[in-house]
Amino acid sequence: MKNLTRRQFGKGAAATAAAACAGVSLPRLAWGETATLSYPRGFLWGCATAAYQVEGGAKDDGRGPSIWDTFAHTPGKTFHGETGDVADDSYHLYKEDVQLMKALGVSTYRMSISWSRVIPDGAGQPNPKGLDYYNRVIDELLANNITPYVTLFHWDLPQALDGGWQNRATAKSFADYAGYVTKKLGDRVHHFMTTNEFVCFTDLGYRYGQFAPGLKLSDGECNQIRHHAILAHGLGVQAIRANTPSGTQVGLAENAVVFVPVIETPEHVAAARAATRIGNAPFLTAVMEGKYPNEYLQHEGANAPKVQEGDMKAIGSPVDFVGANIYVPLYARADDSPQGFAVEPMPSSYPHMYSPWLTLGPECIYWGVRNVCDLWKPKAIYITENGTSSDDVLTPAGRVEDVDRIMYLRDHLTHLHRAVKEGYPVQGYFLWSLMDNFEWADGFSKRFGLHYVDFKTLKRTPKLSAEWYKDVIAKNAVV
Ligand code: GBH
């Protein structure tokens, strides 16, 4: 009798049991050979950071204040009143940071631009010295064969913009800024993301007050702010296209809520997909469909956003890729409700990483990709962030043994491999983060880096997870 191929072997328990009964010897790997999960050739391995979290240099060379400077300097808003005034001082140490990346072997770096460094008042007069910093960083990356992926807005809104995201004019100012910067950088940068994580700079900033500007407005006001945010994205896409060479890839980085089917059966899979569409209605769904789902508008009723002629068309401007920031799952199941799904409450015993919100469930990275691709068929998708905090301790020997971070990353990359293998167009993975940095309201109390940063001396030390990621990149595989 013929040996089963490894593929047939994979077909399941029934085949295996049948083969065992028939006394068939199954092919095995040679001793010492390992069954690694290889990624495709050309898969992009990278790291991510954001301007306010790493740069410091808050007042250098004419940078204007952002709402995060104001918020962090307001007593009681961040952990121990910590601010991004100095952070990792990447403003001065960027060459060292590029060498950290080079040592890891990453081929790409996702960074963001501080709007108020480039246009201190948010609108009007640019500050060439601010732009020069980004020219230097980009040239240094390219000289080291690292491809920059640039986010234009990662929450640090210029303080001077009247009314912030409450003001519709901010969307237009963003588009002007996006057009200006991409025109200057577009000769060397070919991948731009407009905004990072709508919900964080709208709801968390204006509805729940946890993030800058720290307001607690009403649902209706918040819906309008969300609308201005996605409008900024859409007008931004148009401005970038108008100012960059054809072929420039434009997308966004979004932390769409990831719904995982409780059990992988057709009805629960469909429920998770439907939940993805409705659960992200004001953000990614509106962007990908150029329309708010009726369910959302009906649900919000009088609180629904006021939409002007042409807004939805701009919002739905085609993107070249979706960037997905994926950290945590939510579980969905099919039910008899009109919407056809229910979201499971998380039991109090559900495990999490060092940050309480970082609940485990590494299959979220697979379902995040699959739901988005099945719903909207983007041409390309990147994991623009994934990573974890850990209670890292630098030993006297100068080591950080962050085995919990390695566990988290290994599990996620194992599940991401499934998406790649099934043919979803996953082009790359950006690990959050290159180094410990200013973790917003958590200040410096939550470390997400592959490199430990001593925030007094600014010395960077690779953690065990950096060695681990370097090995993944070298093998282009997860073991
Ligand atoms: C991303 O946000 C950000 O893009 C990045 O800047 C950040 O450093 C990184 O992840 C790690 O957090 O304290 O329970 O109120 C991830 C989404 C939204 C997760 C805000 C934490 C606060 C939850 N974040 N959320 S809680």
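First listed ligand is number 1; within each ligand, the first listed atom is number 1.
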Under 3.5 Å, N/O to N/O: give me all the pairs between ligand 1 and the protein, one per line with atom names and distance.
residue: ligand 1; atom: 2 (O); partner: Glu197; partner atom: OE1; Å: 2.8
residue: ligand 1; atom: 2 (O); partner: Glu197; partner atom: OE2; Å: 3.4
residue: ligand 1; atom: 4 (O); partner: His154; partner atom: NE2; Å: 3.2
residue: ligand 1; atom: 4 (O); partner: Asn196; partner atom: ND2; Å: 3.0
residue: ligand 1; atom: 4 (O); partner: Glu197; partner atom: OE1; Å: 3.4
residue: ligand 1; atom: 4 (O); partner: Glu197; partner atom: OE2; Å: 3.4
residue: ligand 1; atom: 4 (O); partner: Glu385; partner atom: OE1; Å: 3.1
residue: ligand 1; atom: 4 (O); partner: Glu385; partner atom: OE2; Å: 2.9
residue: ligand 1; atom: 6 (O); partner: Gln53; partner atom: OE1; Å: 2.8
residue: ligand 1; atom: 6 (O); partner: His154; partner atom: NE2; Å: 2.9
residue: ligand 1; atom: 6 (O); partner: Trp440; partner atom: NE1; Å: 2.8
residue: ligand 1; atom: 8 (O); partner: Gln53; partner atom: NE2; Å: 2.9
residue: ligand 1; atom: 8 (O); partner: Trp432; partner atom: NE1; Å: 3.2
residue: ligand 1; atom: 8 (O); partner: Glu439; partner atom: OE1; Å: 2.6
residue: ligand 1; atom: 10 (O); partner: Tyr327; partner atom: OH; Å: 3.1
residue: ligand 1; atom: 10 (O); partner: Glu385; partner atom: OE1; Å: 3.2
residue: ligand 1; atom: 12 (O); partner: Glu439; partner atom: OE2; Å: 2.5
residue: ligand 1; atom: 15 (O); partner: Gln210; partner atom: NE2; Å: 2.4

Between [Y] and [X], is there a side-chain donor-acceptor contact under 3.5 Å, judged purely by atom types and distance?
X: Ser66; Y: Asp69; answer: yes
X: Asp88; Y: Ser90; answer: no
X: His451; Y: Asp97; answer: no
X: Thr388; Y: Tyr327; answer: no

(request) If the plane angle is over 60° it's perpendicular, under 30° parallel, otherwise tilted; pick one for Tyr39 and Phe43. (result) tilted
(message) Around atom NZ of Lys377, are there more than 12 heavy atoms from other residues, nucleotides or ligands closer than 6.0 Å?
(response)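 Result for NZ/Lys377: enclosed.
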